[in-house]
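Written out below as structure tokens is the structure these notes cover.
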There are 2 protein chains.
Amino acid sequence: MDLSERQLQILQAIITDYVENAEPVGSRSIAKKYDLGVSPATIRNEMSDLEEMGYLTHPHTSAGRVPSDKAYRLYVNNLMKRKNLSAKDKRLINERLASSRDEFDRTIRHAAELLSEITNLASFAMTPATNEETISFIRLMPVDERTIILMIVGESGNVTNTTLRLQVPYTQESLEILSKNMTVNYKGRTLDDALKSDIIEDVGTDIEAMSQLAGNVMPSFIRTLEDMLNVNLYMEGMTNIFNLPEYASIDRARDFMELFAQKDWFTQKMLARDDGVVVTIGEENDSLKDCTLITATYHVDGKLVGKIGVIGPTRMKYDEVTSIMEYLTNNLSETFRLTDGNTDGKDEEE
Amino acid sequence: MDLSERQLQILQAIITDYVENAEPVGSRSIAKKYDLGVSPATIRNEMSDLEEMGYLTHPHTSAGRVPSDKAYRLYVNNLMKRKNLSAKDKRLINERLASSRDEFDRTIRHAAELLSEITNLASFAMTPATNEETISFIRLMPVDERTIILMIVGESGNVTNTTLRLQVPYTQESLEILSKNMTVNYKGRTLDDALKSDIIEDVGTDIEAMSQLAGNVMPSFIRTLEDMLNVNLYMEGMTNIFNLPEYASIDRARDFMELFAQKDWFTQKMLARDDGVVVTIGEENDSLKDCTLITATYHVDGKLVGKIGVIGPTRMKYDEVTSIMEYLTNNLSETFRLTDGNTDGKDEEE
DNA sequence: AATTAGCACTCTCGCTTGCCGAGTGCTAAC
DNA sequence: GTTAGCACTCGGCAAGCGAGAGTGCTAATT
């Protein structure tokens, strides 16, 4: 029950046309625009067969055909060809990412911006998941008699800190000892691992004053670790979808926007997806049943993995979008390869 | 040309009714619901006068009246009475803010969430503007042979840091010296002030290696200062507006959402507003001409000032919203008053 | 002089009707 | 297997109509 060459051609034509115009496509217009050497009637017969096989649907009896999720899936898996980016887009990407090379989060945000600008869809980018990140050292620093800063530094230069106010006074010395103790205990362990351990126990100590200080600091330590594990999510171009005919109804648009209001939930969903370019179409998503979601991963220095993605209607230019995302993630991974030391100074140009 | 007592009553009634139902209100329904002791005909006459004075408008000949911006302004300035919050709302606010007392940004975000939950409008909250913040100390810390962390700490416990990769090797000693130099130079100066000074000159030094290191660090120092000056903006409940009849049309909704896509621009706008509770209605805003914007300020330890706000249609419950915002900002200021040391440990209950 | 009742008038909204055009599905001819 | 021809279906649009809400004016009432 494979499709014939002609059926594939027709399906391809229908998808192309529908992606372009967002309107059910009829046999006659296919026959006219894409000369397949057959009459509309023949195309009608083939379309009928394709519909029976589940590749096309009918909004109503006397309307043209619309590709189904299954059709898009077939297209993505078998029919689609890589597209070369336009020189303009390539330049745009190269320039924009280069301008903020040394500021991590900003680069990531720029990536999201680029993605939505070029594709005209909604896009997002996430900083890398840091559960594999290992702790380099922990430091406690005095601010004033009541306030100290707790700082956790990861091997790859990741830093997170909290300011905390103590109930008990502290001495410079006790801070230093506690810092050292904590560093010795946690150096080289991953954040995940550190969080799983029984933290309060880990830095138990005999000296009365010290254990009080530790008792004060540890809850914040835990929360700071958690904080360090959080990935940042940048979303861009959400309003692009208002320009698409599929979101002309306010209800659709609302559903769409509400989804993104739940950033935490969304982040979890995206983290759970496989690495590499992943396309999920329509019903393949558990929510967003009429959307397509494409994600891709970039790498930071080998270990850490971050994600970017676009969300749009199932009707989208799969070939272009995936090509752009591939180019973009390659570029990001290249930018974040830490082997060359030249990442600061030279290149600031807002 | 002051309004008569009766005209005020009628205007008040129209506003109340329209705020409730979002539909032009007619003379008959006013006469019925709010017994003013006069007939619809009389009310009609008064309405006609009110319209002439610019307090009411007519969507079309045979529709009821709708309050104008001017009417809302009059209402806010003269007619409106403070509302007492419900015990439930008070409890909600107290609990939610207490649960994250020691984590600044999270508290701010919670404030925005609360505001949108209680008012059912779109809301935002900004961390305090830090241009008045003074520098406490600056520190450079080694991570590995190529990487160091630059950290700026403000008097009120504000911390910002960047990880930077150097082109030249460094020694532990040179880092310490540079840290000290910078701290001596900048301690006690405000961020604004520090940025204005000729930073490169400020830490000029004779020793060759040192000046190389300094040259490497200073551009990042500037950017970190700038970064520290940035306020964080948290927006919540944007999708609430989809439930309002005034945004039933996709175009309106789009305009609204697009406004918030430009976070930077929006932040600037909001920072420029006066302190205290500020209400701007419809045309009084330069964009968002059919919205009302209410902002209020909270204080951190006297010096720093942050803002929260709501955005909605001009038709909103001004009395409730302003009361809630007052309560909320008072509560925030209280939370951030740094005189009592009890801010950590005791109270985490996610 | 202020208020009110009465009535004609206006405008929106929802409903129905009829028509056009696009597109199908079937049959019969090629 | 392909195509031409034709009846049929359905959405979309415009026109027409009635109901309902509300005004604005005038004349009567207090």
Side-chain angles (χ1 to χ4, degrees), chain A residues 2-11 13-18 20-68 71 245-246 248-249, chain B residues 2-11 13-18 20-68 71 245-246 248-249:
Chain A
D2 263 3
L3 298 183
S4 72
E5 187 58 31
R6 192 170 66 190
Q7 284 175 322
L8 287 177
Q9 277 177 10
I10 292 175
L11 191 56
I14 292 175
I15 290 176
T16 308
D17 205 80
Y18 186 70
E20 190 71 33
N21 305 312
E23 260 160 37
V25 13
S27 53
R28 218 176 100 83
S29 62
I30 290 284
K32 251 200 242 171
K33 280 193 232 173
Y34 312 80
D35 59 346
L36 306 173
V38 291
S39 79
T42 312
I43 293 179
R44 272 207 292 286
N45 290 331
E46 297 285 30
M47 278 165 126
S48 182
D49 291 349
L50 285 168
E51 177 157 11
E52 211 170 322
M53 288 186 270
Y55 291 104
L56 297 176
T57 52
H58 238 180
H60 59 267
T61 334
S62 69
R65 300 309 211 287
V66 171
S68 67
E246 21 270 284
S249 112
Chain B
D2 263 5
L3 298 183
S4 72
E5 185 58 32
R6 192 170 66 190
Q7 285 176 320
L8 288 177
Q9 278 178 9
I10 291 175
L11 191 57
I14 293 175
I15 291 175
T16 308
D17 205 81
Y18 186 71
E20 190 70 33
N21 304 312
E23 260 160 37
V25 14
S27 53
R28 216 175 102 81
S29 62
I30 290 283
K32 251 202 244 170
K33 279 195 234 172
Y34 311 81
D35 58 348
L36 306 174
V38 290
S39 78
T42 311
I43 294 177
R44 271 207 293 284
N45 289 331
E46 297 284 29
M47 278 165 121
S48 183
D49 291 350
L50 284 168
E51 177 156 11
E52 211 169 321
M53 288 186 271
Y55 291 105
L56 298 175
T57 52
H58 239 178
H60 60 268
T61 332
S62 70
R65 299 310 211 287
V66 171
S68 67
E246 21 271 285
S249 111

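Keep in mind that the numbers below use all heavy atoms, side chains included, and drop hydrogens, waters and symmetry copies. Letters go in sequence order (proteins before strands), and every chain restarts at 1.
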Please round to the nearest 0.5 Å and tell me the distance separating atom CD of Q9(A) and atom CD1 of I30(A). 11.0 Å
d(I10(B) CD1, R44(B) CZ) to nearest 0.5 Å is 12.0 Å
With R65(B) as partner, the option from L56(B), T57(B), L11(B) fulfilling side-chain contact (heavy atoms from CB on, under 4.5 Å) is L56(B)
If only atom types and distance count, is the side chain of S27(B) paired as donor or acceptor with the main-chain N or O of I43(B) below 3.5 Å? no
So OG of S4(A) and CG of L50(A): to nearest 0.5 Å the spacing works out to 8.0 Å
Counting C-beta onward and ignoring hydrogens, is there a side-chain heavy-atom pair between E46(B) and D49(B) closer than 4.5 Å? yes
Under 3.5 Å, which N/O atoms of the protein pair with N/O atoms of nucleotides 13-20 of chain D?
none

When every non-hydrogen atom of E246(B) is compared with those of A22(B), the smallest separation belongs to OE2-CB, 4.3 Å
With a 4.0 Å heavy-atom cut-off, tell me which residues in residues 36-48 of chain B come close to DNA chain D, sorted by residue number. R44(B), M47(B)
Nearest 0.5 Å, what's the OG1-CG distance between T42(A) and L36(A)? 10.0 Å
Interatomic distance, I14(A) atom CD1 to Y55(A) atom OH [nearest 0.5 angstrom]: 13.0 Å
When you list every nucleotide of DNA chain C with an atom under 4.0 Å from a heavy atom of chain B, which one comes first 5' to 3', and which comes last? dT3(C) to dT12(C)
Closest heavy-atom contact between G26(A) and S29(A)? O-OG, 3.0 Å
